[in-house]
Amino acid sequence: QVQLVESGGGLVQPGGSLRLSCAVSGFTSGYAGSYAFGWFRQAPGKEREAVSCISRRDDTKYYADSVKGRFTVSRDKAKNTVNLEMSSLKPEDTGVYYCAAVGTPPYYCSGSGADYTDWGRGTQVTVSS
């Protein structure tokens with residue numbers, strides 16, 4: 001199990017940008033890059049949904065259609081962080097954003113993220129004018 005702590009959420013106007021970071025710790029390998037990571041979000045009254053994921057080995061990136069072209073996921077192996085750059089934000093992007101991790105396949109970047117075993121506590125993102 002690894003520990004995940006999200007940060008960077010807040011209130012932003014439509015069209016604005018935010019950068020979310022997920023600090024990863026507790027792994028025994030000393031290298032967070034051996035895990036796959038995903039970002040999920042949950043709006044009030046809605047099911048949790050996948051936003052973006054990055055694979056364990058080849059850094060393949062996945063994006064939900066709703067955020068494709070606006071969000072960019074990356075990992076910083078030196079800092080043991082996983083980041084989500086969000087731009088051109090829309091009110092429908094509002095929700096609690098969760099960072100999740102998994103060390104063993106499968107890890108489909110879809111649905112609520114059932115394949116992911118370790119979760120952060122979330123950070124609130126509110127897009128409103």
Asker: Can you confirm whether D93 sits close enough to R70 that some side-chain heavy atom of one is under 4.5 Å from a side-chain heavy atom of the other?
Answerer: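 Yes, close enough: below the 4.5 Å cut-off.
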Asker: Taking the side chain as C-beta and beyond, is there a heavy-atom pair between R41 and L84 under 4.5 Å?
Answerer: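 They are not in contact (no side-chain heavy atoms under 4.5 Å apart), so the answer is no.
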Asker: In plain terms, say whether E6 and R121 are close enough for a salt bridge, that is, a side-chain N and a carboxylate O under 4.0 Å apart.
Answerer: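 No, no charged N to carboxylate O under 4.0 Å.
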Asker: Taking only residues two or more places apart in sequence or in another chain, which ones pass side chain to side chain donor-acceptor pair (under 3.5 Å) with S112?
Answerer: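 Once residues adjacent in sequence are excluded, S112 has no partner under the side chain to side chain donor-acceptor pair (under 3.5 Å) criterion.
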Asker: Can you name the nearest heavy-atom pair linking A101 to V2, along with the distance?
Answerer: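 For A101 versus V2, the nearest heavy atoms are CB-CG2, 4.0 Å.
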Asker: When you compare the side chain of W39 with that of V82, does any pair of heavy atoms fall below 4.5 Å?
Answerer: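 Touching, per the 4.5 Å side-chain cut-off.
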Asker: Give a yes or no on whether the backbone of Y63 and the side-chain of S52 come within a donor-acceptor separation of less than 3.5 Å.
Answerer: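 No: the side chain of S52 does not pair with the backbone of Y63.
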Asker: May I ask whether Y62 and V67 are part of the same hydrophobic cluster, defined by side-chain heavy atoms of I, L, V, M, F, W, Y residues being less than 4.5 angstrom apart, directly or through others?
Answerer: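 Different clusters.
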Asker: Would you kindly say whether S87 and E85 are connected by a side-chain donor-acceptor distance under 3.5 Å?
Answerer: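 No, no side-chain donor-acceptor contact under 3.5 Å.
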Asker: L4 and V24: which non-hydrogen atoms are nearest, and at how many Å?
Answerer: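 Here L4 and V24 meet closest at CD2-CG2, 3.7 Å.
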Asker: Would you mind reporting whether E92 and V127 have side-chain heavy atoms less than 4.5 Å apart?
Answerer: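 Result no, sub-4.5 Å side-chain heavy-atom pair not found.
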Asker: Do you know which two heavy atoms are closest between S88 and S17, and how far apart they sit?
Answerer: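 Closest pair (atom of S88, atom of S17, distance): N-OG, 4.3 Å.
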Asker: For K68, what residues pass the salt bridge (Lys or Arg N to Asp or Glu O under 4.0 Å) criterion, not counting sequence neighbours?
Answerer: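 With neighbours one apart ignored, the set is D65.
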Asker: In the hydrophobic clustering that connects Ile, Leu, Val, Met, Phe, Trp and Tyr at side-chain heavy-atom distances below 4.5 Å, which members other than W119 occupy its cluster, ordered by chain and number?
Answerer: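 Once heavy-atom contacts under 4.5 Å are chained together, W119 belongs with F40, V96, Y98, V102, Y107, Y116.
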Asker: Scan N83, T123, T81 and name whichever one has a side chain to side chain donor-acceptor pair (under 3.5 Å) with S21.
Answerer: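 Exactly one pass, corresponding to N83.
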Asker: So, do V125 and M86 sit near enough that their side-chain heavy atoms are less than 4.5 Å apart?
Answerer: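 In contact.
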Asker: Using 0.5 Å steps for rounding, measure from the OH atom of Y35 to the OG1 atom of T117.
Answerer: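 So the OH of Y35 and the OG1 of T117 are separated by 8.0 Å.
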